[in-house]
2 protein chains.
Amino acid sequence: MEENKDVTIYDIAEKLNLATSTISRALQDHHTISKKTIKKVKETAEKMGYVPNTLAAGLRGNKTKTIGVLIPTITQPFLSSLISGIEIAAQKSGYTVIIMQSHDSYKEEVNMAKALYSNRVSGVISSLAMETRDTSHFDQFISNNIPLVFVDRVPKNFNTFRVIIDNYAAGYKATKHLIDQGCTRIAHLTAGSEFGNLYNERKRGYLEALNDHNIPVDEDLIIYLNAVTYEEGVKASNKLFDLNPIPDGVFASGDIIAVSAVQTAKKRGFKVPEDIAVIGFNNDPISQIIDPNISTITHPAEKMGKASADIILKNLKSDKKDDVKEITFLNTEVIIRESSNKLNNKLP
Amino acid sequence: MEENKDVTIYDIAEKLNLATSTISRALQDHHTISKKTIKKVKETAEKMGYVPNTLAAGLRGNKTKTIGVLIPTITQPFLSSLISGIEIAAQKSGYTVIIMQSHDSYKEEVNMAKALYSNRVSGVISSLAMETRDTSHFDQFISNNIPLVFVDRVPKNFNTFRVIIDNYAAGYKATKHLIDQGCTRIAHLTAGSEFGNLYNERKRGYLEALNDHNIPVDEDLIIYLNAVTYEEGVKASNKLFDLNPIPDGVFASGDIIAVSAVQTAKKRGFKVPEDIAVIGFNNDPISQIIDPNISTITHPAEKMGKASADIILKNLKSDKKDDVKEITFLNTEVIIRESSNKLNNKLP
DNA sequence: TTTATATTTGCAATCGGTTGCGTAAAAGTA
DNA sequence: TACTTTTACGCAACCGATTGCAAATATAAA
């Protein structure tokens, strides 16, 4: 068994009769090394099969060109797209991405934050677990000057970068769209208890839109799901369709919920959008595949990922520690599709 | 600006008047350290806010408790579930997961393989990029005794662990199911050029099933998509429905393709499954949401992820280098749903 | 030729744990 | 009490790259 020892800069140094420091500098195009030497070094490095040891470099410099991502799960379209955005941006700058899933558990989130720190990541991007109430496990990053970006599900009182959409405005827009379509009894399907403010904000937008248009709020039309799943959506939708009369519009705080509403409606003999108009949230792939297509609010996952990564990278490059931890708002748009097109407008 | 220096084992050693070696050993419950000392050390470590430095440990031991995952993309349901399975298994053993996306580009795959090696990952799990023909960039892992597992899209001639499903058998089962439903003109939608053998294997199963049941193969009924996307699926489906007569069954080598077939059929006035029965592949979430529900073949993503991770972990634990690089086959099942239920059997 | 300047390279400490080997202290045995 | 065994801990080298500072060499200016 050939115990193939790694080629190190020492090996290269020996072969070329140079100091390791010269090799190191040559490899990073340091200006104090002559072009000739650089070329020679790089060539022999290549020839000898040298692969830099990230650990050693990281240990010395106490930084790793690694971005840690701590999110609830990666199997949701929004989050996997988010990661994709992060990964692409990071990759471009030579950074590596470490991913950890909290599975919406506070305890796991705490552990993984520690693990990320232990790995000396250069920066952290996180979306909070549903369960999380206390966020002090993120303090360690701040106090050690590791840039921290919260994205999408962000804590309220934590002075660090945040990348979000304006959930309030989005909720307002969605509801207003239904109102514009002539709906007057608009239901809202939303997530139950939560600490992060995104569902609450959307609901706030919903309420405000009703208010602005003189539509009385009917608490019976607001249903809180225990989880954002298809099954829970069906349960909630059935509650809605048990009402008499049924609502004529539904704003679901997630496409998967909207899908369940549409399908439950169909199953129970109601027509979408004629009997009930539906709008979802996220613009998940499924929303444009399901029949009827589902109107929705865009949730620019990749862009949010890119924005988050860019903030990290920018902060890493410039030493000046921005004390201004700005909040980045990304745009959302209403996408009108069949499920809410009561007025029968032409769709693109 | 408080330059919060990290607490190291040196700090603990000094505080307790012990040697760093004792601290190090105490922290890992080494048997040569007394219970009292261990307890004392752990307590003060906790109190002082000590966080181990993974880099330092990894550098010394040349291993990092990190599993590198190199896949085409994470935004496909199958692959994100795969990662999820890997991550959960790894996490349980205290391993961290680094993820890199090749975006189906050979060049990126080569670079990222190098990056993974550079990070001294303990093991690698990879699914090949579509473009990849040559796999020599994976040699470095083998020659350095880093366990390597290929999963799903695996190379043919590379002696390492492989975790796959029996695509041939799955293709056969899917086709046979359609035959059992009474289909006699069965089309097949598959991916175009590819090096990994999964689509080819499925096609082989399809052909063999036809053969075994004395159904002549009609090349017009086999359509090669340029990409596994909804749009390409629609294009291909339309070709199918331009035929006269149209086929009475379709085996699509992916659920997203099956969805497009079902919807294109509906759009063109054909009934599913009465006029044409459809079966997909993967059991993606969408398959059981779309109306009609789509019959499919399970593709146990999470299990495959777990299996891959377990192989890595097992190989890491036992020093003996298994020279037998076994291939792990995971089971697939036919899930019969509405889209292929011509005989109108009761479905669960 | 000499001095000043620019260019190139080397020395050696450093990052923070890990571990083989050696020794001191405690416990056990004759 | 003397001797062996066990238990507990310390010393110091090591992993591989980085970097401040010093030194050597080359080039330019006087």
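Here the structure is a predicted model, which means the values were calculated and not measured. Chain identifiers are assigned alphabetically (A, B, ...) following the order of the sequence lines, protein sequences preceding nucleic acid strands; residue numbering begins at 1 within each chain.
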Nucleotide nearest Q28(A) when distance is taken to its side chain, options dT19(D), dG16(C), dA12(D): dT19(D)
Nearest-neighbour nucleotide for the R60(A) side chain, dA12(D), dG17(C), dA17(D) considered: dA17(D)
Any T8(B) side-chain N or O less than 4.0 Å from OP1/OP2 of dC15(C): no
Sugar-phosphate only, base, or nothing, as touched by D11(B) at under 4.0 Å among non-hydrogen atoms: nothing
Closest to side chain of A19(A), choosing from dG10(C), dT19(C), dT18(D): dG10(C)
Closest-nucleotide ordering on DNA chain D, the 5'-leading residue of K35(B) and G61(B): K35(B)
Gap between atoms CG and C1', on N17(B) and dC9(D) respectively (whole Å): 13 Å
Any T37(B) side-chain N or O less than 4.0 Å from OP1/OP2 of dC9(D): yes
Closest contact, heavy atoms only, A307(A) versus V163(A): CB-CG1, 4.2 Å
Sugar-phosphate only, base, or nothing, as touched by N62(A) at under 4.0 Å among non-hydrogen atoms: nothing
Euclidean distance, atom CD1 of residue I9(B) to atom P of dC11(D) [Å, nearest integer]: 13 Å
Side-chain N or O of T22(A) closer than 4.0 Å to phosphate OP1/OP2 of dG10(C): yes
Sugar-phosphate only, base, or nothing, as touched by L55(B) at under 4.0 Å among non-hydrogen atoms: nothing
Among dG10(C), dC9(D), dT18(C), the nucleotide that comes nearest once only the side chain of L18(B) is considered: dC9(D)
Verdict with reasoning, D11(A) to K15(A), per salt bridge (charged side-chain N to carboxylate O under 4.0 Å, His left out): CA-CA 6 Å; D11(A) 301 326; K15(A) 179 156 231 160; over 6 Å; no
OP1 or OP2 of dT8(C) under 4.0 Å from side-chain N/O of T32(A): no
Whole-Å gap separating C1' (dT8(C)) and CD1 (I33(A)): 7 Å
Pair S102(B)-S105(B), side-chain donor/acceptor within less than 3.5 Å: no
Sugar-phosphate only, base, or nothing, as touched by I23(B) at under 4.0 Å among non-hydrogen atoms: nothing
For the student: nearest non-hydrogen atoms of P300(B) and L330(B), plus distance: CG-CB, 3.9 Å
Below 4.0 Å: OP1/OP2 of dT9(C) and any side-chain N or O of S34(A): yes
Phosphate-side-chain proximity, Y50(B) and dG17(C), N/O vs OP1/OP2 below 4.0 Å: yes
Nearest-nucleotide pick for S24(B), side chain only, options being dT19(D), dC9(D), dT18(C): dT18(C)
Flag for D6(B)-Y117(A): side-chain donor and acceptor within less than 3.5 Å: yes
For the student: nearest non-hydrogen atoms of S24(B) and I9(B), plus distance: CB-CD1, 4.4 Å
Toward the 5' end of DNA chain D, by each residue's nearest nucleotide, R25(B) or R120(B): R25(B)
Nucleotide of dT19(C), dA17(D), dG16(C) approaching L59(B) most closely (side-chain heavy atoms): dG16(C)
Atom pair distance, as rounded to whole Å: CG in N119(B) and P in dG16(D): 15 Å
Atom pair distance, as rounded to whole Å: CD in E14(B) and C1' in dG10(D): 16 Å
